[in-house]
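The structure appears right after this line, and notes come after that.
Just so you know, ligand 1 is whichever comes first in the structure, and atom 1 is the first atom listed for that ligand.
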Amino acid sequence: MVANLPPATGFLAEIRQDGGRPLAPVFASLGRRATLRKRTGDQSLRTVLLHSGAPDGAHAHARGRTLVLAGELYNRAELLRLLPGRALPGSDAAVVLALFDLYDVHAFRLLNGRFAALVAAPGRAVLATDHAGSVPLYVSAAPGRVLAATEAKALRDAPGGRPVAARPVRGLPGTHQVPAGTVLDVDVATGTCGAHRTWAPSPARRTMPEEEAAGAVRRALERAVRVRAGEGTPLVVLSGGIDSSGVAALAARRAAGRIDTVSMGTEEAHEFAQARVVAAHIGSAHREVTIPAAELLRRLPHTVWAAECPDADIVEYLLPLTALYLRLGDPGRRVLTGYGADIPLGGMHREDRLPELDTAVCRDMDTFDGLNEMTPVLSAVGGHWSTHPYWDRDVLDLLVSLEAGLKRRHGRDKWVLRAALAGVLPHEVVVRPKLGVHEGSGTASSFTRLLTDAGVPGDRVRHAKALVVRELFDLVVAGGRHPDEVVTGAVVELVTARLASGTR
Ligand code: ATP
Ligand code: MG
Ligand code: MG
Ligand code: MG
């Protein structure tokens, strides 16, 4: 049920036998808040839902179990076939709970979606991410108490949790991030937890004739775009590169085909001309947003606050998008992106050798988890819901598994995607070389200049960026500061002084 926005985009949930004091619901995401309370046996569930107007669609109850869902499903029709003879569940939350009744934790192996979920059952707290962990989920578990939230900062004041089989969050002792494609099954009385993997990227590669591969990619992507487009007019964040242009073109070819597109740039760099070619071709209502580089850099704290990511490279990709989302206005848009296509296709890999290409794909698929590149919070800070068709479970499974020679072919990167989209985009777009979002928007160069102007030597810039981003993380995530109060320039000065004095 993909309406304009999912019923809920985030939550803070507390399952307690200890009767402790509730946490304050602190989120970067905008959204209305509704509090849901349930008692099951000797445990209480208290959930604050970040919702978009119909919070009841975000939870379901049956047989003493409550399910809370932030996000949405993309294979609903297929899932309903598993529930014959039952009253058809209305919401995605009800579908997942009905499947949980049948399959227990294995229900999450069936889902293609963008979600974080919690099931509160007698004595149990079950926490699940989608295959890509694209809606981050954090947990703090201790005997008698399981606290979970879609933003780590909401667990900042959680009393110490015990170790669980998940990644600790920097600066928040006892808080862990549920891995991508994982269900954690927590015994509430003891706080002990078992983990089940529900998805892993394929290590195998498939060979296919060119046309068959291109056709399979085209069909998978078409479906992924269609199920994400929603009921209103979707908005595609468009660079004019092949990834976002493909999403925009396929969105515009749906039955109810109207779409809006928007491109961002700075006074220093933009891809406006390239995006315009695409917008004109597909007939979208197109907008250009110029964000001064100085304003862009002021959004660094907001980007780290939203993504809860301590990795400088990733933050540099996400900064221009966050700045754009904050500028969009008209909250409540459903935003489609071309984000993430380069990971399974090795698009960042600018050379011709196949072993190196597949090595890069394997490495990136092994290391994406926990970086929060796909988090919906980036757009939620502006009140929007974003979704990424290239990381649809079926699209991703297909793209990862294609043999490297289909990804790099006839001297082109992302060949199979370009071939898949040849019929829907002008030739110049189909063959346009890859340009990273951090490059085309002048983000990387502006950030570099901010540091060199502050006196950082050229060969220390990368290190200084890493320090700035980590410092920002410590302030706005672990430290609980609001990003409006954090001045990028002051953090740069601090880091520069530390570097100069050799402290780090
Ligand atoms: P390519 O990777 O071939 O350059 P692309 O530009 O679509 O294609 P990225 O550069 O990887 O993809 O950027 C990731 C995504 O971020 C894009 O697919 C698009 O949705 C969004 N994006 C990138 N640059 C801009 C921009 N200048 N304005 C709006 N959205 C952008
Ligand atoms: Mg790309
Ligand atoms: Mg990319
Ligand atoms: Mg690009």
Which option, V237, V278, L345, T443, owns the non-hydrogen atom nearest atom 30 (N) of ligand 1? V237
Could you work out, for atom 1 (P) of ligand 1, the closest of E439, K414, R418, R432 by heavy-atom distance? K414
Taking 2.8 Å as the upper limit, name the protein N, O or S atoms near the Mg ion (ligand 4). L435 O
Yes or no: does S441 have any heavy atom under 4.0 Å from an atom of ligand 1? no
Run down the list L417, L238, I343, T261 and name the one with the heavy atom closest to atom 29 (C) of ligand 1. L238
Could you tell me whether H270 approaches ligand 1 through its side chain, its backbone, both or neither, with non-hydrogen atoms closer than 4.0 Å? neither
Do R228 and Y74 form a cation-pi contact, if we require the NZ or CZ to be under 6.0 Å from the six-membered ring centre and within 45 degrees of the ring's axis? yes
Below the 3.5 angstrom mark, is there an N/O of D243, backbone or side chain, next to an N/O of ligand 1? yes
Determine whether the aromatic ring centres of Y325 and H384 lie less than 6.0 Å apart. no
So is G338 polar-close to ligand 1, meaning N/O to N/O under 3.5 Å? yes
Would you please say whether a donor-acceptor pair under 3.5 Å links the side chains of S441 and T266? no
Side chain or backbone, does G436 bring an N or O within less than 3.5 Å of an N or O on ligand 1? no
Consider every N or O of S245 and every N or O of ligand 1, then say whether any pair is closer than 3.5 Å. no
Any N or O of S244 closer than 3.5 Å to N or O of ligand 1: yes
Numbered atoms of ligand 1 (with element) below 4.0 Å of V262, judged on heavy atoms: 29 (C)
Under 3.5 Å, N or O to N or O, is P433 touching ligand 1 that way? no
Looking only at the side chains, is there a donor atom on one of D397 and W199 sitting less than 3.5 Å from an acceptor on the other? yes
For atom 22 (N) of ligand 1, tell me which residue out of V247, D413, L321 has the closest non-hydrogen atom. L321
Quick one: sort the H302 and W305 rings into parallel, tilted or perpendicular, breaks at 30° and 60°. perpendicular
